[in-house]
Amino acid sequence: MSERYDAKAIEAKWQQAWADARAWEVADPSDLAAPDTPKSYVLEMLPYPSGSLHLGHLLVYTIGDVATHFRRRNGMRVLHPMGWDAFGLPAENNAIARGGHPRVTTEANIVAIRASMRRIGWWIDWSRELSTHDPAYYRWQQWQFLRFLERGLAYRKGAPVKWCPNDQTVLANEQVLADGTCERCGALVESRLMEQWFFRTTDYAQALLDDLETVDWPESIKARQRNWIGRSDGAELVFRIEEWDEDITVFTTRPDTLFGATFFVLAPEHELVARIDSEEVQAYVRRASAKKTEERAAAEEKTGVFTGLHAVNPVNGELIRVYVADYVLTDYGTGAIMAVPAHDQRDFDFARAFELPVRQVVRPTAGEVDESAPYLQHAEGETLVNSGEFDGLPAPEGGRQIVERLEREGRGRFAVNYRLRDWGFSRQRYWGCPIPVVYCDACGIVPVPDDELPVVLPDIEDYKPKGRPPLAQAEDWVRTACPRCGGEGRRETETMDTFVDSSWYFLRYCDPANDEAPFDRAKVDYWNPVDLYIGGVDHATMHMIYARFWMKVLNDLGYIGFREPFASFFSNGWVTSGKTKISKRSGSAASPDAVVERHGADAVRLCILFLGPADQDMEWTEEAAEAMARFVRRLWRVVNEVAEQAPKGEPEGGALARKAHETIAKVTDDVGRRFAFNTGISAVMELVNEISRDPGGRDAHFAAQTAVSLIQPYAPHVAEELWQRLGGERLWEQPWPVADEAMLERETIEVVLQVNGKLRDRVQVAASISDDELVALARASEKVRAHLNGGEPRKTIVVPGKLVNFVV
RNA sequence: GCCGAAGUGGCGGAACUGGCAGACGCGCCGGACUCAAAAUCCGGUUCCCCUCGGGGAGUGUGGGUUCGAUUCCCACCUUCGGCACCA
């Protein structure tokens, strides 16, 4: 009998061996321009060190780790680094609530998480570790910001912004959830007019949309980004306000309905509305702005007020009434619309409430028109009516011709509108990267010179925002000489959104110690784009859009040679542990530390991937962890038996050897191409079951070596130990096994014999059998003959290697 | 409303380009080893009929293509996720 399996001892032993060999570090090739081996950059989204590791981390980093091992052993130079998204609100709020500097708590968390990660045995190149709160890192972020600023890609403007009253800071649009609450804390977000820093993401809206075609991402993630960018094709049309003789542009996707515009609406926040000298109008505007965005959308009845003004329809000169109504949004399109109640539900509702005319201008070619609802179709089958010279044209064509005419008259043009808006990135909080500018009364906004970077975040006493950013307390820090005129200047007291930190961190891993530039272009161009990016869907529209935007800018500025950061993306599922019974012994809920302590790292790594497909949500259960611990023990026992009993040497090509080769083919496909980790593990379990039937027998040694080698990416420690017991050395350096195709061909295969599609018999035949021989063999089968009833088949279907089917 | 994903045993889930549906695991049932229990090992486990051999039904529903459909096509139902007074 072999000795008891001791996970803790084996895992510690091999982790020490790898550390001694510095096995997990990866060097750049000696010639970056002509690399010796293919590279692969495997990256998971960097963790936020606000607490300790959780089961979600366990999944993400184990997926990346398995991919890392697999690619490494397939002869690739694999970069698999780790870093810390250290800035951000939770650390700061925690500091406010419990005292202590956010840096202290954050760094303590990093120490703990790093220890957990090492205990799990992830194959991470710790020599490239970075943290976003390190001045050596954010120095270069400030440097890049200044390059953006020079090109006008970072700018300041006063704009209505989303304000979280709980976190006392501005939020980016992406950080506000659909129900109008803060993505971080859940508080209802307000709208405020504030001076803010923005990045010009809208300049890149079309590129962000187009380049989605070039990346290998799940369709659902691409769809979310398309949705978020929200391209609409239509036209901008110019209406004149008759009383003021002033032009207002509207955006519409339905220029074909222009003759049906029977009134005109301005958003309450539209700049012209403030100039309307009417107490009734201004009272309405005040009421509307008091309402939350959410209430506005939920309102059953359309509300609004007539301004007394009239707009001139550019296509026919018709005068229509101008209303102010809050169903028109200020931040989409131009904040003004032409209202076509006959063909738009919202305009129809408003027209009903205010008894405005409804004029149908698009008719279906066949069928009756229902006057009680707007007619919304817009296709070749629909034709224009009541539209002057354009009558009878198909709707889309009519729309084109209307815009073309207005274009000639200077009253319109084809236009594209995006839902995407510029990224507001300044935050009125302490724990973030300082924005390196100085305000000077004489010179305005003055960038801090490159050689004075980094602008280091100063220590302060109280992190709580009190109507001004907490950094304003650091008066000695704020007061500084203007870099341009030397006069009195004040430093920017707002900090950057943490999404800036995570927009380029994957570049820094390629050259983490560089103190002369953010990175060396040759190194970054060698490793990037990231070949496999792994993370949660929750970052599909924030981080993943910002990082793409950042790369496009860096490419345009000539700092990098690629435009997309993430060539392929794997979106991992959520892990829950709701139903897990908390063990009385451990006394704590399912945390990676606790489950690793109970079951060992190998079992836990296997378990998280065996629970189900890694891109779907899953539930962690103690039963599942026990099951995988059981498998590891079984593997241990079976392989040890093989090591003691089975003859070594070349495989003899028996059934077990064949099974081993089949398993190689299956696992290679599952890990390498399909990311089907659960079925890959199943295949190895199946092989181990086979071996256990006769652990001293023919081919058992080879089969055991194969099983151990294949399970190595999942359970590297036990695999290493067992490999050694089977007589091998340094499994981590062994090439990934290759299925012997010739053997798979050589052996016999099972062929299914059918009559009329029904299974009648099975025969084992040589894989090399010819179709004719196979058919003859099938005819000879008594079971088949019984169903042929002595007759001749009408048709014979042969699927090579699979079946013969006689149709009678 | 628009966009996306998914419906398979008691459960998690397999079935890669149309070819033995239910791999692998959990749970359950039976057995071995134990004074006993735990652990471990062996066998069984979609449902319904059947005396053994076996037969019939079956992958959300209804059609279709095909010798053959979980897989392809059409229509529908349900669930989950994203976006949305977006002009």
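Naming convention: chains lettered A, B, ... in sequence-line order (proteins, then strands); numbering from 1 in each chain.
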Dump every N/O contact between nucleotides 9-14 of chain B and the protein below 3.5 Å, one line per pair.
{"unit_1": "B/G12", "atom_1": "O2'", "unit_2": "A/Leu611", "atom_2": "O", "d": "2.7"}

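- In this structure, A/Arg4 does not reach the B/A39 phosphate: none of its side-chain N or O atoms is under 4.0 Å from OP1 or OP2.
- Scored by the side chain to side chain donor-acceptor pair (under 3.5 Å) test, A/Thr796 finds no partners at all (sequence neighbours excluded).
- For A/Glu213 and A/Lys222, the salt-bridge test fails: no basic side-chain N is under 4.0 Å from an acidic carboxylate O.
- A centroid separation of less than 6.0 Å is found between the aromatic rings of A/Phe350 and A/Phe263.
- In this structure, of B/G4, B/C85, B/A39, it is B/G4 that holds the atom nearest to the side chain of A/Ala223.
- Residue A/Val328 places its side chain closer to B/A87 than to any other of B/A87, B/G19, B/C85.
- A/Arg226 comes within 4.0 angstrom of no nucleic acid atom, judged by non-hydrogen atoms across all strands.
- Scored by the salt bridge (charged side-chain N to carboxylate O under 4.0 Å, His left out) test, A/Asp347 finds no partners at all (sequence neighbours excluded).
- The nucleotide whose nearest atom lies closest to any side-chain atom of A/Asp669 is, among B/C67, B/C86, B/C16, B/C16.
- Remark: A/Glu236 engages A/Arg413 in a salt bridge, criterion side-chain N to carboxylate O under 4.0 Å.
- Inspection of the A/Asn417 and A/Ser232 side chains reveals no N or O donor paired with an N or O acceptor under 3.5 Å.
- A salt bridge links A/Arg637 with A/Glu641: the closest approach of a Lys/Arg side-chain nitrogen to an acidic carboxylate oxygen falls below 4.0 angstrom.
- Checking B/C85, B/C3, B/A87 against the side-chain heavy atoms of A/Tyr332 singles out B/A87 as nearest.
- You'll find that the side chain of A/Met685 is closest to B/G25, out of B/A87, B/G25, B/G19.
- Counting non-hydrogen atoms under 4.0 angstrom, A/Lys302 reaches a base of the nucleic acid.
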Might you list the N or O atoms of the protein lying below 3.5 Å from N or O atoms in nucleotides 79-82 of chain B, with each pair's distance?
{"unit_1": "B/G81", "atom_1": "O2'", "unit_2": "A/Arg224", "atom_2": "NH2", "d": "3.0"}
{"unit_1": "B/G82", "atom_1": "N2", "unit_2": "A/Asn227", "atom_2": "ND2", "d": "3.2"}

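- A sub-4.0 Å separation between OP1 or OP2 of B/C86 and a side-chain N or O of A/Arg231 is absent.
- For A/Arg634 and B/C41, the shortest distance from a side-chain N or O to OP1 or OP2 is below 4.0 Å.
- Of the candidates B/C16, B/C24, B/G19, the closest approach to any side-chain atom of A/Arg673 belongs to B/C16.
- Among the nucleotides B/G25, B/U40, B/G43, the one closest to any side-chain atom of A/Arg637 is B/U40.
- Among the atoms of the strands shown, none is found under 4.0 Å from any heavy atom of A/Asp347.
- The pair A/Glu626-A/Arg598 fails the salt-bridge criterion, with no side-chain N (NZ, NE, NH1 or NH2) lying under 4.0 Å from an Asp/Glu carboxylate O.
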Quick one: which protein N/O atoms are closer than 3.5 Å to N/O atoms of nucleotides 26-28 of chain B? Pair and distance per line, please.
{"unit_1": "B/C26", "atom_1": "OP1", "unit_2": "A/Arg630", "atom_2": "NE", "d": "3.4"}
{"unit_1": "B/C26", "atom_1": "OP1", "unit_2": "A/Arg630", "atom_2": "NH2", "d": "2.8"}

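- Residue A/Ser232 places at least one side-chain N or O under 4.0 Å from the OP1 or OP2 atom of B/A87.
- With A/Ile337 as the fixed residue, the side chain to side chain contact (heavy atoms under 4.5 Å, CB included) test singles out one of A/Phe239, A/Phe264, A/Tyr327: A/Tyr327.
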For RNA chain B, what string of dots and brackets results from 5' to 3' when Watson-Crick and G-U pairs need both distances under 3.5 Å, crossing pairs get [ ], and pairs with another strand get |?
(((((((..(((......[....)))((((((.......))))))((((....))))..(((((..]....))))))))))))....
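- A salt bridge links A/Glu219 to A/Arg226: at least one charged side-chain nitrogen sits closer than 4.0 Å to a carboxylate oxygen.
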